[in-house]
Amino acid sequence: MPPKRKAAAPAAATATKAGRTSALSTPGPATPRSLDSSMMSEADEELDEDVTEAQKEREELLGKEADEFVNNWAISSKRFQNQGEGQKRDAATPYFGKRDFSGLPLKADHHNRPIWIDPDKGTIVLERFNVLAEQATDFLITIAEPKSRPAFLHEYALTTHSLYAAVSVGLRPKDIINTLDRFLKTALPSSINNFIQQCTNSYGKVKLVLKNNKYFVESVDADMLQRLLKDEVIGPLRVQGSDAITTTYAPTMGGLVIPGTKNAAGVRQAALQKPGDKPTTDTAKDPDLFAALNEEDDDDDKEAVHAFEIGDTAVETVQKRCLDIGYPILEEYDFRNDDVNPNLEIDLQPNTQIRPYQEKSLSKMFGNGRAKSGIIVLPCGAGKTLVGITAACTIKKGVIVLCTSSMSVVQWRQEFLKWSNINPDDVAVFTAESKNKFSGSTGIIVTTYSMVTNNRERSHDSKKMMDFLKGREWGLMLLDEVHVVPADVFRRVISSIKSHSKLGLTATLLREDDKISHLNFLIGPKLYEANWMELSQQGHIAKVQCAEVWCQMPTEFYDEYLRANARMKRTLYAMNPRKFQACQYLINYHEARGDKIIVFSDELYSLKKYAETLGKVYIYGGTSQSERMHILANFQHNPEVNTLFLSKIGDTSLDLPEATCLIQISSHFGSRRQEAQRLGRILRAKRRNDEGFNAFFYSLVSKDTQEMYYSSKRQAFLVDQGYAFKVITQLANIENTPNLAFASPQERRELLQMTLVDNEKGTMEDVETDDLFGKVGGGRGRKKKGLAARRTAGTLGELSGGQDMAYIEQNKGANKQLKKNQKAERDTFFKKIAREKERNRG
DNA sequence: TATATCGCAA
DNA sequence: TATGTTGCGATATA
């Protein structure tokens, strides 16, 4: 393959693109209101007990089929069908065998091109240091799945799903192939070419569109529709009497303006500006190859589309069948031409401007002027909510928001009020406590997954509410924390509520099981995934230093550890006195530095022990609502309270104040999601834009225990995002920390004894403590009534209560002292870290 | 109003 | 290389 135009090409593309984005007009015409609600689905009446059974079965089936589908389409099954390209052999060939790709001819100017591809697996490697790296990155996130993105070499995988996503945002096969070839250092292997052709031929050709309250199967390819009509399952489902295939012209993006973008801001002044004028926006600087390619689509302006109608009840069958025969259906909502569903009065607050990456992700969703269903992945603190709200403001139809907890329900409502001009009466909350409806003909409902999926007997009110939710059509379904949806029960949401489009939001599209791929057909493709490192370099989220601190287990602890059962093992490695000391040291250090510190421990016994011994506040599941509020408020405003201990309650269900340092002493097995979520807790830091400001993330790990294995597993995701974990085996000057706990062998033995005794009878209930400082404890823990509670509570109360008071004072003194030699100590600390870093590199 | 119970997720 | 127990929300109960 001859070398083609190189560096100049993307630049040119950028220019065209910029010209295009300035083609402005206001969003579609005001839609007349129609209150015709006779369109309710027949589904309502039959939705009772036995239906849920059937639903379950159907979902299982769908799940299985999705898996099979994925397997059938794996790239490896189609590899080398006609591998013609010169398989040269040389001396090294025997060592690589089939994996010798030296035969792929390098292009003459290969050093100007940034990517390599594995013809076998579709793995793409990108050189970040290449001049074209930026453009290539933009292209790659559109067509491939980011696998690993550390500093210099990024790894992507070309998969069926990623190509599906690329097609769904409007790329054509020839765009993909040409651009890929342009960036490749070698000739494009024919296996990859075939793979792309095959995937893209079947993907994205068929669309499911809801128009005037009727479902249409739509395609630009008339033959394709004929094939579907001849299909034994789909054919009969076509609505009788509409035998003709209708042909219309597809709208293009022209005219649609996403609120909050610079374009939107300029709409009024630029109303007279002609399309094609010189760009006036900064977006021109942003080389977005995808948009550039999409640009070409607009040349053949009006594309004919063909469609036939299917009944409401047939939708799921058709979707499933299409998946079976290899033409997965895309969901699109032509909201601008929907004059059946009433419009919602909503717009972003004037002067609201969304960030470039938010704009980018939304432009993928609304790329062709319709709303495409799919998933947007942004790190915590990067403004997912605003993306959702902006989408709602673009569609301007009824919205249903699903959250994981009632706390985030309240937050979503607040955010809606904060960012948009929505009438507060139109944002209704549906939870156990409040079951409001909006007053007008349409509005926004914020609710939880569990509220909608609840299988059990319902209270009268919520039954009525559910009927209401099921009985209407929603313009947009916003799925917060969408990674929870594949959980079998939550999946039911999708089928029970009818919405024209679905937008999933998450920070970590990750699960430890394999159900994550189900999202591809439950909701839609991944439309956009932000790179954490990039956002932190641009100052949208904080820069974080990650460190793993290895703590030696004292021999007597290790002996017990080896002997203990799994449960006790976990307690023991959390209670490791060296770990305790490291924790104490880090807290001292960071408090002196002015940080707000959160310490996570999933292990409740150690959580309480650590917090009580150090005289810090803690929150866990058993902390009552009012105490939680009290503690959080103190942590946020009281300069005396700088450290907060949390159980895994802090992962999802607390609205945590800003923190700048995070220490993990115990965590849940190898959950990458948890690790990422916790890191996310410090990404919001307002000080992030201060010169040289860093947030800190420490994992304390007991050496030579299972924790080491879990820890490495947990870090995988963050490492792929480009975070470097430093390993620290020795904290500088730790032995000189004043009032270091468990410094003597005697104390360590006592700690061990106490740990063993307290946990021997197994249960945490036994050591449930009374309110220590009147701040913690109580609440609705799962403690068994009466019984042993009093016995041990006494011991522990005395023990920790007495010691803690002493500790509080000592620590205050210690902090003052620390401040004196603060600088000296900080220096040694960082020298230590630097030395460790060197060692790890070598 | 506070608390116990249940189903479910990780 | 797998685990088991913690927490949530909704509802029923006194």
Checking B:dA10, C:dG7, C:dA10 against the side chain of A:Ala487 (C-beta onward), the nearest is B:dA10
To the nearest angstrom, the CG-C1' distance between A:Asp488 and B:dA9 comes to 11 Å
Quiz item: Can A:Glu548 and A:Trp550 be counted as having a side-chain donor-acceptor contact under 3.5 angstrom?
Solution: yes
Item to complete: Considering only NZ, NE, NH1 and NH2 on the basic side and carboxylate oxygens on the acidic side, decide whether A:Lys515 and A:Asp488 come within less than 4.0 Å.
Response: yes
Quick note, A:Ser671 side chain, CB onward, closest among C:dG7, B:dA10, C:dT11 is B:dA10
From CE of A:Met451 across to C1' of B:dA9 the rounded distance in Å is 18 Å
query = Is a donor on one side and an acceptor on the other found under 3.5 Å between the side chain of A:Tyr573 and the backbone of A:Met568?
reply = no
Are OP1 or OP2 of C:dG7 and a side-chain N or O of A:Ser653 less than 4.0 angstrom apart? no
Across the strands shown, which category fits A:Tyr710 at heavy-atom distances under 4.0 angstrom: base, sugar-phosphate, nothing? base
From the candidates B:dA9, C:dC8, C:dA10, the one with an atom nearest any side-chain atom of A:Ser450 is C:dA10
| query | With respect to the phosphate group of C:dG7, does any side-chain polar atom (N or O) of A:Ser647 fall under 4.0 Å of OP1 or OP2? | reply | yes
- Please answer whether the main-chain N or O of A:His668 pairs with a side-chain N or O of A:Asp602 as donor and acceptor at a distance below 3.5 Å. yes
Determine the interplanar angle of the A:Tyr561 and A:Tyr558 rings, folded into 0 to 90°, and report it as parallel if under 30°, tilted if 30 to 60°, perpendicular if over 60°.
-> parallel
Atom CD of A:Glu512 and atom P of C:dT1 are separated, to the nearest Å, by 15 Å
Between NZ of A:Lys435 and P of C:dG9 the distance, given in whole Å, is 14 Å
By nearest-nucleotide position on DNA chain C, the 5'-leaning member of A:Arg570 and A:Leu654 is A:Arg570
A:Glu481 CD to C:dC8 C1', in whole Å, measures 14 Å
When rounded to whole Å, the CG to P distance for the pair A:Asp461 and C:dT11 reads 9 Å
Using a 4.0 Å heavy-atom cut-off across all strands, classify A:Ser462 as base, sugar-phosphate, or nothing. sugar-phosphate
Whole-Å distance, A:Glu675 CD to B:dA10 C1', equals 15 Å
Closest to the side chain of A:Arg567, out of C:dT11, C:dC8, C:dT5, is C:dT5
Checklist entry - A:Arg628 side chain N/O closer than 4.0 Å to the phosphate oxygens (OP1, OP2) of C:dC8? => result yes
Among C:dG4, B:dA9, C:dC8, the one nearest any side-chain atom of A:His668 is C:dG4
message: Please classify the nucleic acid contact of A:Ala566 as base, sugar-phosphate, or nothing, using heavy-atom distances under 4.0 Å.
response: nothing
A:Lys648 atom NZ is separated from C:dG4 atom P, nearest whole Å, by 13 Å
Against the side chain of A:Leu604, the closest entry in B:dA10, C:dT11, C:dG7 is C:dG7
Between A:Trp474 and A:Phe468, what is the ring plane arrangement, given parallel below 30°, perpendicular above 60°, and tilted in between? perpendicular
Considering only heavy side-chain atoms of A:Ser405, the closest of C:dG4, B:dA10, C:dG9 is C:dG9
